[in-house]
2 protein chains.
Amino acid sequence: MGIHKEAVIIDDLIQQIIEKKLLPGSKLPSENELAEKYDVPRITVRNALIKLEERSYIYSVQGKGRYLKDKSIPIQLSLTGKTSFTEKMKSMGHDLKTVTISCKKILFEPKIYDILQAKETDTVYQIGRLRIINGVPMAIHYSYVSEHRFPTIKQDSPTIHSMFDYYRQQGTERFSSRKTYLSITFPTLEEQHLLSCNSMVPLIILETDCVDQDSNSILEYTKILYRSDQFKYDITTDP
Amino acid sequence: MGIHKEAVIIDDLIQQIIEKKLLPGSKLPSENELAEKYDVPRITVRNALIKLEERSYIYSVQGKGRYLKDKSIPIQLSLTGKTSFTEKMKSMGHDLKTVTISCKKILFEPKIYDILQAKETDTVYQIGRLRIINGVPMAIHYSYVSEHRFPTIKQDSPTIHSMFDYYRQQGTERFSSRKTYLSITFPTLEEQHLLSCNSMVPLIILETDCVDQDSNSILEYTKILYRSDQFKYDITTDP
DNA sequence: CCATGGTAACTTGTTGCCAAGTTACCATGT
DNA sequence: ACATGGTAACTTGGCAACAAGTTACCATGG
């Protein structure tokens with residue numbers, strides 16, 4: 001029953017934060033005061049406050065109270081445009097690091113194999129990379145590559161810094177993509193660790209493919225998980 | 001302390017659901033069984049299960065137990081392309097309804113006024129519309145229009161079905177946009193009611209502007225809130 | 001006057017117990 | 001044989017009492 005009253009309390013507190021009736025660093029009323037104000041049991045107030053804490057609005061100190069965090073304005077990042085992601089980040093004064101975190105064969109998945117035009121007997125590698133901006137992990141980037149298309153991908157992968165550079169070396173001059181899908185998920189434990197965030201941070205999933213524009217052959221299937229709490233993404237489509 | 005163990009339980013249960021070790025409709029182990037299995041107090045298991053319920057993985061019946069929902073596959077919707085949103089939906093066999101929910105003056109907001117090139121003394125209207133697909137509320141669409149640019153917007157708004165049609169009537173032939181931003185939020189109480197979803201459903205925010213391509217004058221600022229739990233969005237950029 | 005320690009009144013964090021609902025089973029009476 | 005009702009053992013739901021940490025204040029003793 002308390003679930004709706006909890007939502008009301010959350011909504012009201014967030015509203016107060018937005019309207020700056022509560023200021024960053026300031027102390028919130030105690031659980032008991034709020035319980036009396038909203039005429040609900042303390043546990044309901046508690047659950048509401050814990051949710052606000054998980055959403056990074058507040059933090060708590062046992063014996064003292066709960067305090068408002070100064071919520072950092074999200075950093076704007078550009079995802080579209082002609083130049084490469086690395087170059088765009090550099091030009092905007094951001095420090096971008098990319099760390100390869102994994103390279104492993106995947107089990108047969110119809111969806112991915114279909115996109116890669118791979119047979120069930122083919123081997124497909126998943127190459128995982130972590131994008132770090134100004135020290136903050138920003139995205140997990142998975143590239144799925146068919147060994148049939150790139151026979152030396154396994155031994156090449158440790159030395160690859162940019163997949164685009166790699167494909168260029170392999171003969172591709174112009175890139176293109178057929179489909180791009182947007183969806184949302186919550187991070188698994190592993191993703192929470194990699195992105196150093198908690199389970200309440202929604203992740204933006206971008207799924208796309210990458211094809212050689214001239215030969216029209218598929219290069220890779222890409223799945224990127226962006227964290228949504230620290231960044232705002234510019235997806236302007238230039239004409 | 002229990003917050004991390006809670007995350008482990010959530011992760012483990014979701015993993016079991018994905019791997020189909022738990023089947024839709026089947027009963028989960030009781031709170032006490034899970035508490036023993038993970039060696040945690042019952043309250044920790046409880047909190048984990050409540051989160052899973054809020055994320056629509058399961059539902060509970062007092063006295064009986066908790067059961068797995070059959071999670072519906074998200075509907076794919078196309079957001080890009082030359083044709084209008086309405087036409088695209090129709091062509092994909094979806095039934096799209098649009099309901100106007102509000103039309104009101106807004107208080108001065110520098111960001112919006114700046115984009116609309118409006119003076120602080122100008123009046124800006126927010127026109128809110130609800131997009132409903134196959135009976136499921138899908139998005140809240142806010143158009144911000146300057147009265148200075150469209151003096152009769154107030155009396156016209158009730159009869160407007162499509163903003164694009166309206167702008168065409170007002171002389172615009174070709175549309176364009178300058179910037180599009182993507183971010184994520186959780187719904188306010190009002191948004192929860194409009195979209196008939198709970199507070200744990202992330203909303204995708206798309207912010208963009210709409211300009212007359214020939215005169216290069218601003219028509220409106222648009223902010224759309226898409227629910228992310230029922231839909232998957234095709235944002236393919238056609239060449 | 002000042003330093004120390006104790007106490008009381010607050011805060012958040014934890015836990016265990018009881019209430020409420022469901023099911024299965026069994027004893028009892030017709 | 002069968003219907004009824006009671007009971008016990010489960011389930012989830014709710015809450016009050018307790019634990020732990022912080023602060024402020026005051027009494028006490030040097």
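Proteins come first, then strands; the chains are lettered A, B, ... in the order of their sequence lines, and each starts at number 1.
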(request) Mind running a 4.0 Å heavy-atom check of residues 29-41 of chain A against DNA chain D and sending the residues that fall below it, in number order? (result) A:P41
(message) Rounding to an integer number of Å, can you tell me how far A:I43 CD1 sits from C:dT15 C1'?
(response) 11 Å
(message) Test of understanding: with salt bridge (charged side-chain N to carboxylate O under 4.0 Å, His left out), list the residues that count as partners of B:K97, not counting sequence neighbours.
(response) B:D95
(message) If you go through the side-chain atoms of A:R42, does one of them form a donor-acceptor pair with the base of D:dG14 closer than 3.5 Å?
(response) no
(message) Tell me if the CD atom of A:E190 is crowded by more than 12 foreign heavy atoms within 6.0 Å.
(response) no
(request) Rounded off to whole Å, could you give me the CG-to-P distance for the B:N47 and D:dG13 pair? (result) 12 Å
(request) In plain terms, say whether A:E19 and A:K21 are close enough for a salt bridge, that is, a side-chain N and a carboxylate O under 4.0 Å apart. (result) yes
(request) Among B:I184, B:I205, B:T185, find the residue that satisfies the side-chain contact (heavy atoms from CB on, under 4.5 Å) test when tested with A:S228. (result) B:I184
Below 3.5 Å between N/O atoms, which protein atoms pair up with nucleotides 20-22 of chain D? Just atom names and distances, please.
from	atom 1	to	atom 2	distance (Å)
D:dA20	N3	A:Q62	OE1	3.3
D:dG21	N2	A:G63	O	3.0

(message) How many whole angstroms separate atom CG of B:L28 from atom P of D:dT12?
(response) 9 Å
(message) How many whole angstroms separate atom CZ of B:R46 from atom P of D:dC15?
(response) 11 Å
(request) Take the protein atom CD1 of A:I50 and the nucleotide atom P of C:dT12, then report the distance between them rounded to whole Å. (result) 11 Å
(message) Does B:Y226 form a ring-ring contact (aromatic ring centres under 6.0 Å, His included) with B:Y233? I'd like the steps, not just the answer.
(response) CA-CA 10 Å; B:Y226 295 94; B:Y233 299 94; 5.0 Å; yes
(request) Run the salt-bridge test on A:K179 and A:D209 with the 4.0 Å N-O cut-off and return the result as yes or no. (result) no
(message) Whether B:R66 contacts D:dT11 is assessed here as follows: a side-chain N or O lying under 4.0 Å from the phosphate OP1 or OP2. Is that the case?
(response) no
(request) Answer yes or no for A:K71 and A:Y57: cation-pi contact, defined as NZ/CZ to six-membered ring centre under 6.0 Å and angle to ring axis within 45°. (result) yes
(message) Quiz question: by atom type and distance under 3.5 Å, do the side chains of A:R131 and A:T98 form a donor-acceptor pair?
(response) yes
